[in-house]
2 protein chains.
Amino acid sequence: MTAHRSTPTPAKPTHSKPSQAKQPRADARRSIAAILDAAIACLRDDPSASLGEIAKAAGVGRVTVYSHFSNRAELLQAVLDETMRRSHESLEDVDLSGAPTEALTSLVGASWTIVDEFRAVLHAAQRELPADAVHDAHGQVMERLRGVVERGRSSGDFRTDVPTDWLVTTVVTLVHGAADEVRAGRFGMDEAAGYLTSTVLSALAPRSH
Amino acid sequence: MTAHRSTPTPAKPTHSKPSQAKQPRADARRSIAAILDAAIACLRDDPSASLGEIAKAAGVGRVTVYSHFSNRAELLQAVLDETMRRSHESLEDVDLSGAPTEALTSLVGASWTIVDEFRAVLHAAQRELPADAVHDAHGQVMERLRGVVERGRSSGDFRTDVPTDWLVTTVVTLVHGAADEVRAGRFGMDEAAGYLTSTVLSALAPRSH
DNA sequence: CAAAAACCGTACAAGCATGTTCGAGTTAGG
DNA sequence: CCTAACTCGAACATGCTTGTACGGTTTTTG
């Protein structure tokens, strides 16, 4: 039984504090990173990819995976955490202070690159992990979107004849659908991005009728 | 090797023609129908449900399944065909001759009941069947939707600043998303139906700006 | 440079899903 | 009623995946 790191987050060995938790060795950190990357890539293609496939894609032995993650479930949890971390990293720089329509456009545009991998991982985790862990993750990421939507409703930029939850769902659904189309090769990425923002704004616009 | 019916469609023994293809016996037809129903129900909950589960849910032995479908793939194909048949049956009565917005509303409303089972089956088949069979099915069902959308673009009821394909995708995506929400229990069925049609119409409306 | 840490491949046990075979029981239908 | 069709359960072979164990080799790191 070697060290099992269920929290691979301490990626910064910046000589911070003399905490008693010793850093794993350099090659171990490299392996973990490779496994996580490979897992995300594999699960994107096949949500039920085997540990063997992931190990091979990562360029490590299958046993090595078990030396870092005792379970498949634990690996999945780590992958979920890592994906969440990347999402936050990508989205925290987005400026949401402008007009709601601007903010929404920015947010959708920034979500664009991460939504497909996030969704694939989420989908893979959803069937093998306790539901609460998944739900926490999802809710946390959607918080910002929800804030923008609520602000737009107050300012009169977005419609109020349907609930906020519905609007949030609409945006997320459209982003997912657009990602699917691009992945299927039916639309180019830039092309779809333009259509998507335009469609989202129309869907959230107040009923002119 | 018993009779393998890859086309379970002749469900009507209406003394039609003295074709040389003899009808399977009554209990066989009953079993096939039970298996198909159970398969649809099981795959809706778990896209990778095992043959054993399906057989148990159908109330037949596992071997019986193999006496009607030589493969898992063949069963999946039959399930896909059956689901398609039901979809057509539900949609062929929808009147699309009115105004495009009316027609779209009717179509979305009628799709509502079948879309979740159809999608689950499609999703299950997508990973185990040749891509062309799946694509044919999907395209055939979307034909009517596409017609309505094109008509609405010509009449000026729907926007033309994005491609027809994109609008079709948008509608399908929103319907799927709404079905998910209902399935997850976050919205009631009637409630979601209203929000859905409202959102779809907004998304397809011409840019007033 | 040497010890500790991490790596590798192979092998093994258990579990599950897919197909197949067999023999015996049950049911439909002429 | 009697035969052919159908169903059933159990058993077996196969292959894939998970998780564990062992011994040998490479890489860090102090």
Side-chain angles (χ1 to χ4, degrees), chain A residues 1-6 8 13 15 18 21-36 38-39 42-43 46-79 124-125 127-129, chain B residues 1-6 8 10 13 15 18 21-36 38-39 42-43 45-79 124-125 127-129:
Chain A
M1 47 181 97
T2 344
H4 285 304
R5 325 234 94 263
S6 57
H15 61 73
K22 285 203 304 180
Q23 279 286 125
R25 239 174 55 179
D27 51 356
R29 264 178 289 141
R30 227 181 306 144
S31 285
I32 293 179
I35 291 170
L36 254 40
C42 286
L43 293 177
D46 177 14
S48 61
S50 75
L51 264 158
E53 294 177 67
I54 294 175
K56 187 176 297 179
V60 304
R62 196 172 64 91
V63 204
T64 302
V65 177
Y66 281 101
S67 79
H68 293 297
F69 310 94
S70 56
N71 272 338
R72 176 188 173 85
E74 199 167 303
L75 170 61
L76 246 57
Q77 182 67 56
V79 169
R127 311 184 307 183
E128 315 187 39
L129 252 47
Chain B
M1 46 181 96
T2 344
H4 285 304
R5 327 235 90 263
S6 57
H15 60 73
K22 285 203 303 181
Q23 281 285 126
R25 237 174 57 179
D27 51 354
R29 262 177 291 142
R30 227 181 307 144
S31 285
I32 292 178
I35 292 170
L36 254 41
C42 287
L43 292 176
D45 293 342
D46 176 14
S48 60
S50 76
L51 264 153
E53 293 178 67
I54 294 175
K56 187 177 295 180
V60 304
R62 196 171 63 93
V63 202
T64 304
V65 177
Y66 281 101
S67 78
H68 293 297
F69 309 95
S70 56
N71 273 336
R72 177 187 172 85
E74 199 167 302
L75 170 62
L76 246 58
Q77 181 67 54
V79 169
R127 310 182 309 182
E128 313 190 38
L129 252 44

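None of the values given here were measured: they were computed from a predicted structure. Order of the sequence lines sets the chain letters (A, B, ...), proteins ahead of strands, with each chain counted from 1.
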Please determine whether a side-chain nitrogen or oxygen atom of B/Ser67 lies at a distance below 4.0 Å from atom OP1 or OP2 of D/dT7.
yes
Just the rounded figure in Å: distance from P of D/dT18 to NZ of A/Lys56.
13 Å
Minimum heavy-atom separation for B/Leu76 to B/Ala125, with atom names?
CD2-CA, 4.0 Å
Please give, in whole Å, the distance from C/dT18 P to B/Glu74 CD?
15 Å
Roughly, in whole Å, what's the span from CD in A/Glu128 to C1' in D/dT18?
11 Å
Residues in side chain to side chain donor-acceptor pair (under 3.5 Å) contact with A/Asn71, at least two apart in sequence or another chain:
none
Cut-off 3.5 Å, no hydrogens considered: what does the side-chain donor-acceptor table look like for residues 52-61 of chain A, sequence neighbours left out?
| residue | atom | partner | partner atom | Å |
| --- | --- | --- | --- | --- |
| A/Glu53 | OE2 | A/Ser50 | N | 3.3 |
| A/Glu53 | OE2 | A/Ser50 | OG | 3.4 |

Across nucleotides 19-30 of chain C, 5' to 3', mark each nucleotide with B, S or - according to how protein heavy atoms within less than 4.0 Å reach it.
BBB-----BSS-
Could you state the atom-to-atom distance from CD of A/Gln23 to P of C/dA5 in whole Å?
15 Å
Does A/Ser31 put a side-chain nitrogen or oxygen below 4.0 Å from OP1 or OP2 of C/dC7?
yes
Where do B/Arg72 and B/Glu128 come nearest, in terms of heavy atoms and distance?
NE-OE1, 2.8 Å
Just wondering, do A/Phe69 and A/Ile35 contact through their side chains at under 4.5 Å, heavy atoms?
yes
Gap between atoms CD1 and C1', on B/Ile54 and C/dA17 respectively (whole Å):
12 Å
Ignoring backbone atoms, establish whether A/His68 has a side-chain N or O less than 4.0 Å from OP1 or OP2 of C/dC7.
yes
Upstream residue (5' side of DNA chain C) when A/Gly59 and B/Glu53 are each assigned their closest nucleotide:
A/Gly59
Taking only side-chain N and O atoms of B/Thr64, does any of them lie within less than 4.0 angstrom of OP1 or OP2 on D/dC8?
yes
Over all heavy atoms of both residues, which pair between A/Ala39 and A/Val79 is shortest? Give the atoms and the distance, please.
CB-CG2, 3.6 Å
